[in-house]
Amino acid sequence: MSYLTPRNEMTKAQKSRARREPSGVFTNFQPAQIQQFKEAFQLIDHDKDGWVNESDLVEIFGSLGITPTKSMLTDLLNSRPGGMVGKDSPKGINFTMFLTMMSERLFEFDTEAELVEAFESFDDDDSGSVNIHDMKKWLGDYGDRMSEPEMDKFLTGPFTDRQGNFNYREWVKVLRVNEEETEEAP
């Protein structure tokens, strides 16, 4: 008997209902976001078997010029929902597991202090503002690079003055207020 075969047979109605009821993780995202994650998953799943396994990870890392160590691959595969990969469990990550992992990472918001500290490294005169031209250079050239439209969306608006300075302290305060309102909502 395969580990994928259910031990208890379900009725036809139960099977149909199970197919219609989404995993809880799917409710965390809009359909367009789920589609983007699905496309990313399919890019990683080189053998197209519906599972990202060690060989898929070796392939994707290789295409990026990275030679992963055995421990790196094991750590990545063991970070899946449900814990460690054992001899009785499938050795890999399916799309639902992948989406769960992404949701866990995306919903780990930075604290207010971390955000302020990050902006302060660009605030030479401790004014609470940073020059948007300097920020665009850093956001476009380093780390998780942002596109020009993303930077414009982020750095223009009520928190940027006519001199081109982004008031990050006020921006962080608004984030905190919005987060508190979301927590209080029924």
Side-chain angles (χ1 to χ4, degrees), residues 1-112 114-115 118 139 142-147 149-151 153-154 172 175-186:
M1 183 170 161
S2 169
Y3 59 86
L4 294 176
T5 306
R7 295 181 197 266
N8 299 332
E9 286 298 319
M10 292 173 35
T11 66
K12 193 173 186 178
Q14 288 172 321
K15 289 178 187 176
S16 178
R17 186 171 31 259
R19 279 193 301 268
R20 287 191 313 263
E21 292 177 5
S23 167
V25 71
F26 287 88
T27 61
N28 292 336
F29 300 104
Q30 298 295 320
Q33 292 172 310
I34 293 171
Q35 183 58 38
Q36 287 177 329
F37 283 121
K38 185 130 189 112
E39 290 170 11
F41 180 83
Q42 290 170 340
L43 287 173
I44 299 168
D45 181 17
H46 282 276
D47 57 11
K48 308 299 179 212
D49 65 351
W51 291 89
V52 171
N53 54 32
E54 192 171 301
S55 66
D56 293 321
L57 292 175
V58 168
E59 186 76 28
I60 196 72
F61 278 119
S63 70
L64 297 170
I66 300 169
T67 305
T69 64
K70 182 74 173 162
S71 66
M72 176 193 270
L73 296 171
T74 301
D75 288 347
L76 285 169
L77 291 171
N78 285 341
S79 68
R80 73 191 192 118
M84 294 183 60
V85 176
K87 65 178 182 175
D88 295 334
S89 63
K91 189 165 179 126
I93 299 167
N94 66 21
F95 179 66
T96 303
M97 293 173 181
F98 177 78
L99 195 59
T100 300
M101 292 167 72
M102 294 299 104
S103 108
E104 289 169 354
R105 301 306 183 275
L106 290 173
F107 294 119
E108 291 176 355
F109 293 111
D110 293 326
T111 65
E112 180 178 350
E114 289 172 331
L115 289 170
L139 293 172
Y142 302 98
D144 293 334
R145 295 175 183 92
M146 293 176 73
S147 68
E150 289 172 324
M151 288 186 281
K153 187 175 180 181
F154 173 58
V172 168
L175 284 181
R176 184 185 67 224
V177 169
N178 287 339
E179 186 176 287
E180 289 170 359
E181 287 174 0
T182 303
E183 291 173 3
E184 292 172 7

| request: State, with a plain yes or no, whether a side-chain heavy atom of Ile44 is found less than 4.5 Å away from one of Ile93. | output: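 With C-beta onward as the side chain, the pair stays apart.
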| Validation row: Met97, Trp51 side chains within 4.5 angstrom (heavy atoms) |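 When only atoms from C-beta onward are counted, Trp51 and Met97 do touch, with a gap below 4.5 Å.
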* May I have the step-by-step check of side chain to side chain contact (heavy atoms under 4.5 Å, CB included) for Val52 and Leu76, ending in yes or no? => CA-CA 10 Å; Val52 171; Leu76 285 169; over 6 Å; no
Practice problem: Measure from the side-chain N and O atoms of Asp56 to the backbone N and O of His46, and report whether any donor-acceptor pair falls under 3.5 Å. | Solution: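 Checking the backbone N and O of His46 against the side chain of Asp56, a donor-acceptor pair under 3.5 Å is found.
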Just by modelled atom types, is the Gly92 backbone N or O under 3.5 Å from a matching donor or acceptor in the Asn53 side chain? no
field: Spacing of CG belonging to Leu43 relative to NZ belonging to Lys38, to within rounding of 0.5 Å
entry: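 Here the rounded value is 12.5 Å.
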To the nearest 0.5 Å, atom OG1 of Thr100 lies from atom CG of Asn94 at 8.5 Å
For a quick test of reading the model, state the closest non-hydrogen atom pair linking [X] to [Y] and the distance between them.
| X | Y | result |
| --- | --- | --- |
| Asp45 | Gly50 | OD2-N, 2.8 Å |
| Asp49 | Asp47 | OD1-OD1, 2.8 Å |
| Phe37 | Phe98 | O-CE2, 3.6 Å |

Margin query: Take a 6.0 Å sphere around CD of Glu39 and say whether it holds more than 12 heavy atoms from other residues, nucleotides or ligands.
Written below: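 Yes - once you tally the heavy atoms of other residues, nucleotides and ligands closer than 6.0 Å, there are more than 12.
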